[in-house]
Amino acid sequence: MVQTQKLMEKSKAGIRPARVISKVGIIGAGQMGSGIAHVVALSGYNVAINDLKKEAFDKGLEAVSKNLARQIAKGSIQESERDQALERISYAPNLEAFGDCDLVIEAATEDEALKHKIFAALCPHLKPTAMLASNTSSISITRLAATTDRPEDFIGMHFMNPVPLMELVELIRGIATEDETFSTAKAFVESLGKKTAVAEDFPAFIVNRILLPMINEAVYTLYEGVGTVEAIDKAMRLGAHHPMGPLELADFIGLDTCLSVMQVLYEGLSDSKYRPCPLLVKYVEAGWLGRKTKRGFYDYRGEKPVPTR
Ligand SMILES: NC(=O)c1ccc[n+]([C@@H]2O[C@H](COP(=O)([O-])OP(=O)(O)OC[C@H]3O[C@@H](n4cnc5c(N)ncnc54)[C@H](O)[C@@H]3O)[C@@H](O)[C@H]2O)c1
């Protein structure tokens, strides 16, 4: 499907075979991994997903199924397209199962040490032409790439949440990323119907460099008693025309992910303006991670969300 001229030339020169993306592996079946699987399968690619437990895959597939049903109800896809997309998604019980993938997208928890471990375990099972991408929100692509056996075939492919609805994918080159890796990634992302924006490899790239400090500031606003959860969200929805309030958005992203991104910004840029709000730390320590654990700045266990402060 996606084939670049330069790789074909390399192939003719006997350097390596042409890179054609037809099977995509995804590591992590959480909200991002399942969202990516949704759009990739709907675009005609075969998808294999690995997670720590089969239950995580089952939960992810259920989310894909529900979101596809929503698209049918809106008239944006046919039932047959939903059925074909679901048939293309399979469970990868281990990393060996990625041996026939042309591209593997890592979408596991935002933790650099964990991602290093995943890439180290994954690389021995990949075919030589396989490309690697990380969906990290903030971590250095150069550092992640350096833990693999193919830094030139590694790229940051930062999908936005929720993946089926958001138009943008940020593309981030590491220091070693080759031109054809970039052009293959760009063609692949465009084949999913998404637009790309190119960001340099600096902590949190473009979108989260701007968005997460705003969310962190909203948590400080709550921490300092400037406003209640509801007042802060209402103020930003009605006063700045944001579609969601910043605390509601933090719950949607996941408070653990928000905290990790702020830590990467704070440490990576050595600037106190990025200091994570202690209240955000407290919520994460409590295991109140937002929608995914049913409690964050709002409690989602009842019929409608209720502020937790
Ligand atoms: N949440 C967002 O809004 C958002 C947006 C863009 C990018 N991201 C990035 O996407 C990645 C995933 O975020 P998410 O929101 O989907 O998190 P999530 O918590 O919903 O899902 C993470 C998944 O990774 C799995 N996992 C953890 N360790 C693993 C391992 N060793 N092998 C396989 N699977 C493993 C977990 O079991 C979980 O299912 C992170 O890097 C995050 O920064 C998140």
Side-chain angles (χ1 to χ4, degrees), residues 25-39 48-64 67 91-98 104-123 125 132-141 143-144 147 156-172 189 194 197 199 203-212 214-215 244 246-265 268 284 287-294 296:
I26 298 176
I27 301 182
Q31 50 182 344
M32 293 309 291
S34 62
I36 296 167
H38 175 140
V39 296
I49 316 182
N50 169 261
D51 203 297
L52 293 172
K53 290 192 197 131
K54 170 80 164 45
E55 293 84 78
F57 168 82
D58 293 338
K59 201 172 151 208
L61 194 62
E62 201 185 310
V64 174
N67 292 331
Y91 176 57
N94 47 45
L95 298 178
E96 288 95 273
F98 289 136
V104 178
I105 305 172
E106 174 279 312
T109 311
E110 186 76 345
D111 172 335
E112 184 163 352
L114 172 87
K115 290 183 192 286
H116 286 192
K117 268 194 212 150
I118 289 174
F119 287 121
L122 172 67
C123 283
H125 305 293
L132 283 175
S134 175
N135 185 50
T136 177
S137 302
S138 60
I139 300 166
S140 161
I141 297 305
R143 274 205 309 275
L144 290 177
T147 65
M157 202 180 268
H158 182 215
F159 288 84
M160 306 291 140
N161 187 18
V163 185
L165 295 183
M166 302 296 275
E167 299 95 329
L168 189 78
V169 177
E170 270 180 298
L171 287 181
I172 309 105
V189 165
K194 304 289 184 198
F205 321 125
I206 296 174
V207 173
N208 286 332
R209 169 82 178 260
I210 299 168
L211 186 63
L212 264 295
M214 193 231 11
I215 288 175
M244 278 174 125
L247 300 173
E248 206 184 346
L249 178 59
D251 275 357
F252 185 69
I253 292 170
L255 303 190
D256 53 338
T257 302
C258 292
L259 178 59
S260 296
V261 174
M262 287 313 299
Q263 279 161 342
V264 169
L265 280 168
V284 173
W288 292 14
L289 308 182
R291 279 187 177 270
K292 62 185 168 188
T293 57
K294 303 227 179 297

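Numbering starts at 1 and runs along the sequence shown. All ligand and atom numbering here is 1-based and tracks the order in the structure.
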**Q** Taking the side chain as C-beta and beyond, is there a heavy-atom pair between I206 and R209 under 4.5 Å?
**A** no
**Q** Please output the residues near ligand 1 using a strict heavy-atom distance under 4.0 Å, listed in chain and residue-number order.
**A** I27, G28, G30, Q31, M32, N50, D51, L52, A107, A108, T109, E110, L114, K115, I118, N135, T136, S137, H158, F159, N161, I253, T257, K292
**Q** Strictly below 4.0 Å, N to O, side chains only: are D51 and K59 in salt-bridge contact?
**A** no
**Q** Can you tell me if D256 uses its side chain to pair, donor with acceptor, with the backbone of L259 under 3.5 Å?
**A** no
**Q** May I ask you to check if K194 and F159 form a cation-pi contact, with NZ or CZ under 6.0 angstrom from the six-membered ring centre and within 45° of the axis?
**A** no
**Q** Mind listing the closest non-hydrogen atom pair of L144 and K115 along with its distance?
**A** CD2-CB, 3.8 Å
**Q** Which of these, L52, I105, I49, L122, sits in a side chain to side chain contact (heavy atoms under 4.5 Å, CB included) with I27?
**A** L122
